[in-house]
Amino acid sequence: MKKYLYGVDLGGTTVKFGLFSFEGNIIENFEIKTNTSDEGIAILPDIAKAILENMEKNNIIQNEVNGIGIGVPGPVSSGVVNRCVNLGWGIVDVKNDLEKLTGINVSVSNDANVAGLGELWQGGGLGYSNLVFFTLGTGVGGAVVVDNKVIDGHAGAGGELGHAPLMDVPYLCNCGKTGCLETVASATGVVRVAKDYLTHTDEPSVLRILEHISAKDVFDAAKANDAIGLKTVEYFGKYLGYICAVVAQTNDPEAFVFGGGVSKAGQIILEVVEKYFNQYAFYALRGKTQFKLATLGNDAGIFGSAYLAKQL
Ligand SMILES: [Zn+2]
């Protein structure tokens, strides 16, 4: 009988694991260091060893494990990863290799996609089957989930919403393009926009006296009705709300869910994004789409990958 799921969140410094019941209760968390030497050749054998040891410790036999789900920091298509700079990987057939090492079925997706799936299963998107997830951190990641399935896409770039293009945004993105959503909606993006307003206006602002400005400072300033804080939050909401409206036109999700460090600003984010969404979206979508905060934090990855394992 299939009683267990393993969820794996593979990052550049640590690999996090969760042992889950088939129903989705977390039984145990553990983690190992990511060994990125020699182009990350030891990573999958290390993951297999950690899982097999955990099974032995808990007296779990192979037949009781429905599968291993894994989220990796790169584009994934049909279980194959196409370059993970953080891991030193080129093209790696994660599904096949990990199945050979463990004898257990494996499902693979991109780390942000997996986080979105986790939020749908047990987090801020609980109860929905269709959602769009944004992780607003140092960069911006995303996930599109349709009928409980995450969309990896043809080239593995499905849900890469941080690189959704904006026509009149002048900032250069790390990916080489100009005007990606990430350049204005990530933590670094919010600070960049605020600094631009500070440089190009004389308006008084509490942000002017700070030596280092964080995204939290900007949202706190806006909550205190600071002019530059408010302008920056409007700019952030306008572009994020616009991209939500564009994305909604393809999959008409029940909800948008926002996680990552920037989302800690809370309700102010939902309000400003929803305001602009309702301005840009087709009338049939307005007022029908929910805006929610993520709730799983750093555990979203292991939850989502366990859900991938459940779907095998
Ligand atoms: Zn980009």
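Everything quoted here is computed from the prediction, not taken from an experiment. Below, each value reflects all heavy atoms present in this structure, side chains not excepted, and no hydrogens, waters or symmetry copies. In this chain, numbering begins with 1 at the start of the sequence shown.
- At least one donor-acceptor pair under 3.5 Å links the side chain of K310 to the backbone N or O of F22.
- A distance-only check finds no donor-acceptor pair linking the side chain of E56 to the backbone of I61 [under 3.5 Å].
- Checked by atom type and distance alone, the side chain of K16 never pairs as donor or acceptor with a backbone atom of G301 at under 3.5 Å.
- In terms of heavy atoms, A215 sits closest to V191 at N-CG2, 3.4 Å.
- Here CG of L308 is found 11.5 Å from CG of N66. Values are rounded to the nearest 0.5 Å.
- Side-chain atoms of T250 come within 3.5 Å of backbone atoms of V247 as a donor-acceptor pair (strictly under, hydrogens ignored).
- Crowding of E64 atom CD: a count of heavy atoms from other residues, nucleotides or ligands under 6.0 Å exceeding 12.
- Of the options Y242, Y197, F219, a ring-ring contact (aromatic ring centres under 6.0 Å, His included) to F236 is made by F219 and by none of the others.
- Residue C84 forms a side-chain contact (heavy atoms from CB on, under 4.5 Å) with just one option from L87, N82, N86, and that option is L87.
- V114 has its side chain out of reach of D111: every pair of non-hydrogen atoms, C-beta onward, lies at least 4.5 Å apart.
- At most 12 non-hydrogen atoms from other residues, nucleotides or ligands lie less than 6.0 angstrom from CZ of R83.
- Counting heavy atoms of neighbouring residues, nucleotides and ligands inside a 6.0 Å radius, atom NZ of K288 does not exceed 12 of them.
- Annotation: K223, atom NZ; neighbour count of heavy atoms from other residues, nucleotides and ligands within 6.0 Å is above 12.
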Tell me, with the steps shown, if L166 and I243 meet side chain to side chain contact (heavy atoms under 4.5 Å, CB included). CA-CA 8 Å; L166 295 161; I243 292 298; 3.8 Å; yes

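- Nearest heavy-atom pair, S263 versus L293, reported as atom, atom and distance to 0.1 Å: O-CD2, 3.7 Å.
- Scored by the ring pair (Phe, Tyr, Trp, His ring centres under 6.0 Å) test, W121 finds Y307 as partners (sequence neighbours excluded).
- Both V81 and V15 are part of a single hydrophobic cluster, where members link through side-chain heavy atoms under 4.5 Å apart.
- Counted by atom type alone, S186 and T188 present one or more donor-acceptor pairs between their side chains at under 3.5 Å.
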So F20 and F303, ring-ring contact (aromatic ring centres under 6.0 Å, His included) or not? Walk me through it. CA-CA 8 Å; F20 291 77; F303 273 90; 5.0 Å; yes

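- Other residues, nucleotides and ligands contribute at most 12 non-hydrogen atoms within 6.0 Å of the NZ atom of K49.
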Run I32 and T14 through side chain to side chain contact (heavy atoms under 4.5 Å, CB included) and show every step you take. CA-CA 6 Å; I32 61 171; T14 53; over 6 Å; no

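- Atoms OG and CD, from S109 and Q311 in turn, are 10.0 Å apart once rounded to the nearest 0.5 Å.
- Between the side chain of R192 and the backbone N or O of V184 there is no donor-acceptor pair closer than 3.5 Å.
- Side-chain contact between V72 and V108: present, with at least one pair of heavy atoms (C-beta onward) separated by less than 4.5 Å.
- Side chain of E182 to main chain of V140: a donor-acceptor pair is present (N/O by atom type, distance under 3.5 Å, no hydrogens or angles).
- Under the 4.0 Å criterion applied to side-chain N and carboxylate O atoms, K95 and E99 are assigned as salt-bridge partners.
- Among L52, L98, V106, the one residue that satisfies the side-chain contact (heavy atoms from CB on, under 4.5 Å) test with I47 is L98.
- V150 and A143 make their closest contact through CG2-CB, 4.4 Å (heavy atoms, listed as atom of the first residue, atom of the second, distance).
- Counting heavy atoms from C-beta on, the side chains of H154 and S77 never come closer than 4.5 Å.
- When only modelled atom types and interatomic distance are considered, N58 and E28 share a side-chain donor-acceptor pair under 3.5 Å.
- Side-chain atoms of F17 and I51, non-hydrogen and from C-beta on, do get closer than 4.5 Å to each other.
- Residues Y128 and V145 are not in side-chain contact: their nearest non-hydrogen atoms beyond the backbone lie 4.5 Å or more apart.
- Partner of Y171 under the side chain to side chain donor-acceptor pair (under 3.5 Å) criterion, out of D196, T178, T183: D196 alone.
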Criterion side chain to side chain contact (heavy atoms under 4.5 Å, CB included) on D97 and V92, from CA distance to verdict: CA-CA 8 Å; D97 292 357; V92 178; 4.1 Å; yes

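- For K292 and F256, the positive end is not near the middle of the six-membered ring at less than 6.0 Å and at most 45° from its axis.
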Start with the C-alpha distance between D226 and V218, add both sets of side-chain angles, then the distance that settles side chain to side chain contact (heavy atoms under 4.5 Å, CB included), and finish with yes or no. CA-CA 9 Å; D226 179 88; V218 177; over 6 Å; no

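- You'll find the side chain of V94 reaches within 4.5 Å of the side chain of L44, heavy atoms only.
- Side-chain atoms of T36 never come within 3.5 Å of backbone atoms of G40 as a donor-acceptor pair (strictly under, hydrogens ignored).
- Side chain of Q290 to backbone of E254: no donor-acceptor contact under 3.5 angstrom is found.
- Taking each heavy atom of A48 and T102 in turn, the nearest pair found is CB-CG2, 3.7 Å.
- In this structure, the side chain of E119 does not engage the main chain of F133 through any donor-acceptor pair within 3.5 Å.
- Side-chain contact between Y6 and N54: present, with at least one pair of heavy atoms (C-beta onward) separated by less than 4.5 Å.
- Within 6.0 Å of the CG atom in N29, the count of heavy atoms belonging to other residues, nucleotides or ligands exceeds 12.
- Here the CG atom belonging to D38 is positioned 10.5 Å from the CD1 atom belonging to I43, to the nearest 0.5 angstrom.
- Of the N and O atoms on the side chains of N110 and D152, not one donor lies less than 3.5 Å from an acceptor on the other residue.
- Both L296 and I26 are members of a single hydrophobic cluster when ILVMFWY side chains are connected at heavy-atom separations under 4.5 Å.
- One finds the CG atom of L19 at 4.0 Å from the CD1 atom of I27 (value rounded to the nearest 0.5 Å).
- Minimum interatomic distance between V146 and N130 (heavy atoms only, all atoms of both residues): CA-OD1, 3.3 Å.
- Under the 3.5 Å distance criterion, with hydrogens and angles disregarded, a donor-acceptor pair is assigned to the side chains of Y239 and D168.
- Between V132 and C244 there is no side-chain heavy-atom pair separated by less than 4.5 Å.
- When all heavy atoms are compared, the tightest approach of G259 to A294 is CA-CB, 3.6 Å.
- When the side chains of ILVMFWY residues are joined at heavy-atom separations under 4.5 Å, either directly or via intervening members, V257 and L285 end up in two distinct hydrophobic clusters.
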Expected list for residues 265-282: side-chain donor-acceptor pairs under 3.5 angstrom, two or more places apart:
unit_1: K275; atom_1: NZ; unit_2: E234; atom_2: OE1; d: 2.8
unit_1: K275; atom_1: NZ; unit_2: E234; atom_2: OE2; d: 3.1
unit_1: Y276; atom_1: OH; unit_2: E234; atom_2: OE1; d: 2.5
unit_1: N278; atom_1: OD1; unit_2: G287; atom_2: N; d: 3.3
unit_1: N278; atom_1: ND2; unit_2: E274; atom_2: O; d: 3.3

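- A distance-only check finds a donor-acceptor pair linking the side chain of S305 to the backbone of V8 [under 3.5 Å].
- Counting heavy atoms of neighbouring residues, nucleotides and ligands inside a 6.0 Å radius, atom CD1 of I41 does not exceed 12 of them.
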